Amino acid sequence: MADSQFAQQLPERVAPADGATGSRTLKWRVLLRFIVETVTALGWTIIILFGICFFAVVFGGWQEAFFIMLACATVLIIALPFLLGGRDYTPELFFGRSRTVAGSNLSGNLRLLNSAKRAQPATELELTAGSAILKYTAPALASSAAALLPLELRSLPRGVLNVGPLKIMRSDPLGLFKRETVWHIGQTIFVHPETVPLNLASVGFVPNLEGVNGSKLTDSDFAFHAIRDYQPGDQQRHLDWRSTARTGKLKVKQFTQTQSAKTLFVLDITAGSYTDADDFELALSAIASIAVASAKEMRGAVFAVVGGAARGGYRILQYDTGETLLDELCGLYPSAQPANLRLVAQNMAQALNKDFTTTVYVTGTAGMGNAVLLRELAPLAVNSANMSVVRAAAQEDTAAQRLRGRAVITIGELTDMLTYFGGPA
């Protein structure tokens with residue numbers, strides 16, 4: 001019985017010891033990590049040299065090594081105080097705008113306030129901006145004083161640029177030790193693709209103020225279609241009395257169902273469709289130019305992206321304005337995953353299930369030829385009154401042809417879009 005009670009009590013007695021051991025292990029790991037992150041390569045060299053000289057003096061009797069050991073100890077003792085204390089700053093990041101265009105520069109400021117009760121020496125700073133590290137030197141600051149450091153981001157590439165965090169680097173004059181303090185401040189900058197202003201109405205895009213005739217017939221719309229015989233259930237207000245008097249039979253007016261202009265924009269992001277990154281950026285800028293102009297002149301547009309791991313081989317971008325669409329385009333990059341274009345076109349046609357006045361498909365010139373491309377896009381073409389295919393090939397001559405009643409345009413520069421899609425009015 002006593003053994004049984006002891007067996008039940010044993011885990012309770014052992015548990016605190018295990019917990020204490022785990023706590024001590026964690027503390028040692030934290031201390032070891034601090035040492036590894038704090039001591040530089042030069043610092044380790046001095047520490048190892050100190051240890052070698054210590055053993056040489058104690059166990060080898062080499063008296064000359066004592067002076068080397070003393071010099072190493074003196075250097076280490078002088079360097080250590082530079083790590084003591086903190087760097088009590090309050091940093092703030094300011095940029096004039098959160099959106100810009102690829103290739104442009106962006107200016108801002110970093111305000112650093114000394115919130116300590118004592119003066120702070122000059123400090124090295126590192127600000128992360130995307131994949132770049134910007135280095136600055138903050139001047140010595142008295143208590144409650146602030147410094148304003150100018151920031152300049154040059155020739156920004158298209159994308160979503162995350163600026164931050166901010167690191168304050170502390171080290172001794174000899175570079176034996178270093179410490180970093182991280183402030184998780186930052187700002188997200190949307191670097192939009194370059195666009196050109198287009199006047200889509202001048203090349204046949206239907207503006208939103210007018211309806212266009214659809215293929216469905218109705219008895220209660222605005223676009224007159226034909227006169228037909230009266231059938232039970234027809235509204236009397238649509239009776240055409242002149243035709244009725246002429247034929248002696250009741251005749252009614254029939255109309256076509258009108259619809260507001262609806263445009264489908266499709267961007268191919270599969271890497272195999274493009275020769276290089278420049279072609280992809282050109283394609284992105286081309287469709288961005290059309291879509292932004294469409295947002296100003298029309299509504300009811302749908303923007304789809306073909307490629308990537310999206311279900312069905314495509315995904316629909318959600319946006320409210322041309323500016324928010326450009327925000328979405330900032331995060332698009334070529335996808336290495338190939339797409340079955342025929343299947344994707346079928347999936348898209350079935351899912352959208354609507355007629356479009358215009359469909360614009362933008363891709364590169366690698367892969368399939370024009371005739372094969374149009375054949376693969378046939379399911380989308382069925383539901384579109386007008387369809388244009390734009391193929392991007394940077395630095396090549398512009399060209400245009402019509403196949404199967406569809407326009408296929410090759411552009412070598414973004415300004416070529418002005419020729420085919422209308423320049424500014």
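Side chains are part of it too, since the values below use all heavy atoms of this structure and drop only hydrogens, waters and symmetry mates. Fair warning: this is a prediction, and the values are worked out from it, not measured in the lab.
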| request: Using a 4.5 Å cut-off on heavy atoms from C-beta on, say whether the side chain of Q401 contacts that of N370. | output: yes
| said: Does E152 form a side-chain contact (heavy atoms from CB on, under 4.5 Å) with S107? I'd like the steps, not just the answer. | reply: CA-CA 5 Å; E152 184 74 19; S107 299; 2.7 Å; yes
| query | Distance from T363 atom OG1 to L267 atom CG, nearest 0.5 Å? | reply | 8.0 Å
| request: Sort and list the pairs that fulfil salt bridge (charged side-chain N to carboxylate O under 4.0 Å, His left out) and have at least one residue in residues 379-397, not counting sequence neighbours. | output: none
| request: Identify the heavy atoms of T270 and G307 that sit nearest to each other, and give their distance. | output: CG2-CA, 3.7 Å
| query | Can you find a side-chain donor-acceptor pair between Y89 and T181 that sits under 3.5 Å? | reply | no
Name each donor-acceptor pair under 3.5 Å that joins a side chain in residues 331-343 to protein atoms two or more places apart or in another chain, with its distance.
unit_1	atom_1	unit_2	atom_2	d
S335	OG	G308	N	3.3
S335	OG	Q337	N	3.3
N340	OD1	R342	N	3.4
N340	OD1	L343	N	3.3
R342	NH1	R375	O	2.3

| field | Close side-chain approach of I287 to V266, heavy-atom, < 4.5 Å | value | no
| Is it true that a side-chain atom of T45 and a backbone atom of A41 form a donor plus acceptor pair closer than 3.5 Å? | yes
| field | Side-chain donor/acceptor of T247 to backbone N/O of K249, under 3.5 Å | value | yes
| Atom CE of M417 and atom OG1 of T398: how far apart are they, to the nearest 0.5 Å? | 10.0 Å
| message | Give me the atom names and distance for the closest heavy-atom approach of G272 to A366. | response | O-CB, 3.5 Å
| request: Please name all residues satisfying salt bridge (charged side-chain N to carboxylate O under 4.0 Å, His left out) with K178, sequence neighbours left out, ordered by chain then number. | output: none
| Partner residues of A119 under the side-chain contact (heavy atoms from CB on, under 4.5 Å) criterion, sequence neighbours left out | none
| Approximate separation, where rounding is to 0.5 Å, of Q350 CD and Q346 CD | 6.5 Å
| request: Indicate yes or no for a side-chain donor-acceptor contact from D268 to the backbone of V362 under 3.5 Å, with no hydrogens or angles considered. | output: no
| said: When you measure from the side chain of T357 to the backbone of K262, do you find a donor-acceptor pair of N or O atoms at a distance under 3.5 Å? | reply: yes
| request: Give a yes-or-no answer on whether the side chains of N162 and T188 include a donor-acceptor pair shorter than 3.5 Å. | output: yes
| Under 3.5 Å donor-acceptor, T40 side chain and L176 backbone | yes
| said: Strictly distance-based, threshold 3.5 Å: is any side-chain N or O of N114 a donor or acceptor partner for the main-chain N or O of A142? | reply: yes
| query | Under the ring pair (Phe, Tyr, Trp, His ring centres under 6.0 Å) test, which residues partner F303, sequence neighbours left out? | reply | none
| request: Would you indicate whether the side-chain heavy atoms of T137 and L125 approach each other to under 4.5 Å? | output: no
| Distance from Y420 atom OH to L198 atom CG, nearest 0.5 Å? | 13.5 Å
| query | Looking at L112 and P91, what are the two nearest heavy atoms and their distance? | reply | CD1-CB, 3.7 Å
| note | To the nearest 0.5 Å, atom OG1 of T358 lies from atom CG of L264 at 10.0 Å
| salt bridge (charged side-chain N to carboxylate O under 4.0 Å, His left out) with E92: which residues, sequence neighbours excluded? | R111
| Flag, side chain of T324 to backbone of D320, donor-acceptor distance under 3.5 Å | yes
| task | Sequence neighbours left out, what pairs pass side chain to side chain donor-acceptor pair (under 3.5 Å) with at least one residue falling in residues 281-291? | result | R158-E281
| Distance, nearest 0.5 Å, that separates CE of M348 from OG1 of T359 | 9.5 Å
| query | Can you tell if the side chain of L161 reaches within under 4.5 Å of the side chain of Q187, non-hydrogen atoms only? | reply | no
| message | Would V390 and I411 count as a side-chain contact (heavy atoms from CB on, under 4.5 Å) here? Give the steps. | response | CA-CA 7 Å; V390 178; I411 60 171; 4.1 Å; yes
| Okay, side chain of N105, backbone of S155: is any donor-acceptor separation there less than 3.5 Å? | yes
| query | Under a 4.5 Å cut-off applied to non-hydrogen side-chain atoms, are V163 and L153 in contact? | reply | yes
| With a 4.5 Å heavy-atom cut-off, do F190 and C330 have their side chains touching? | yes
| task | Tell me, please, which residues at least two apart from D327 pass salt bridge (charged side-chain N to carboxylate O under 4.0 Å, His left out). | result | R99
| request: Please tell me if the side chains of L93 and L151 come closer than 4.5 Å, counting only heavy atoms from C-beta onward. | output: yes
| note | L134 and A129 have their tightest heavy-atom pair at CD1-CB, 4.1 Å
| query | R315: what forms a salt bridge (charged side-chain N to carboxylate O under 4.0 Å, His left out) with it, not counting sequence neighbours? | reply | none
| When you look at D229 and L250, which way does the side-chain contact (heavy atoms from CB on, under 4.5 Å) test go after all the steps? | CA-CA 6 Å; D229 292 339; L250 288 175; over 6 Å; no
| task | Any salt bridge (charged side-chain N to carboxylate O under 4.0 Å, His left out) involving residues 404-420? Give me the pairs, sequence neighbours left out, ordered by first then second residue. | result | none
| query | So which heavy atom on G108 is nearest to which on F95, and how close? | reply | CA-CD2, 3.7 Å
| Side chain to side chain, I290 and F421, heavy atoms closer than 4.5 Å | yes
| remark: Closest non-hydrogen contact found for F356 with V302 is CE2-CG2, 4.1 Å
| remark: Contacts of T38 meeting side-chain contact (heavy atoms from CB on, under 4.5 Å) (sequence neighbours excluded), chain-then-number -> F34, L83, F177, R179
| remark: Hits for side-chain contact (heavy atoms from CB on, under 4.5 Å) against Q231, two or more places apart or cross-chain, chain-then-number order -> R228, D234
| task | Answer yes or no: are there more than 12 heavy-atom neighbours, outside Q395 itself, under 6.0 Å from its atom CD? | result | no
| query | Judged by atom type as modelled, is there a donor-acceptor pair below 3.5 Å linking the side chain of D279 to the main-chain atoms of A394? | reply | yes
| message | Tell me whether T123 contacts the main-chain N or O of P121 through its side chain, where contact means a donor paired with an acceptor under 3.5 Å. | response | yes
| Test side-chain contact (heavy atoms from CB on, under 4.5 Å) applied to L326 and L329, step by step | CA-CA 5 Å; L326 291 175; L329 297 182; 4.3 Å; yes
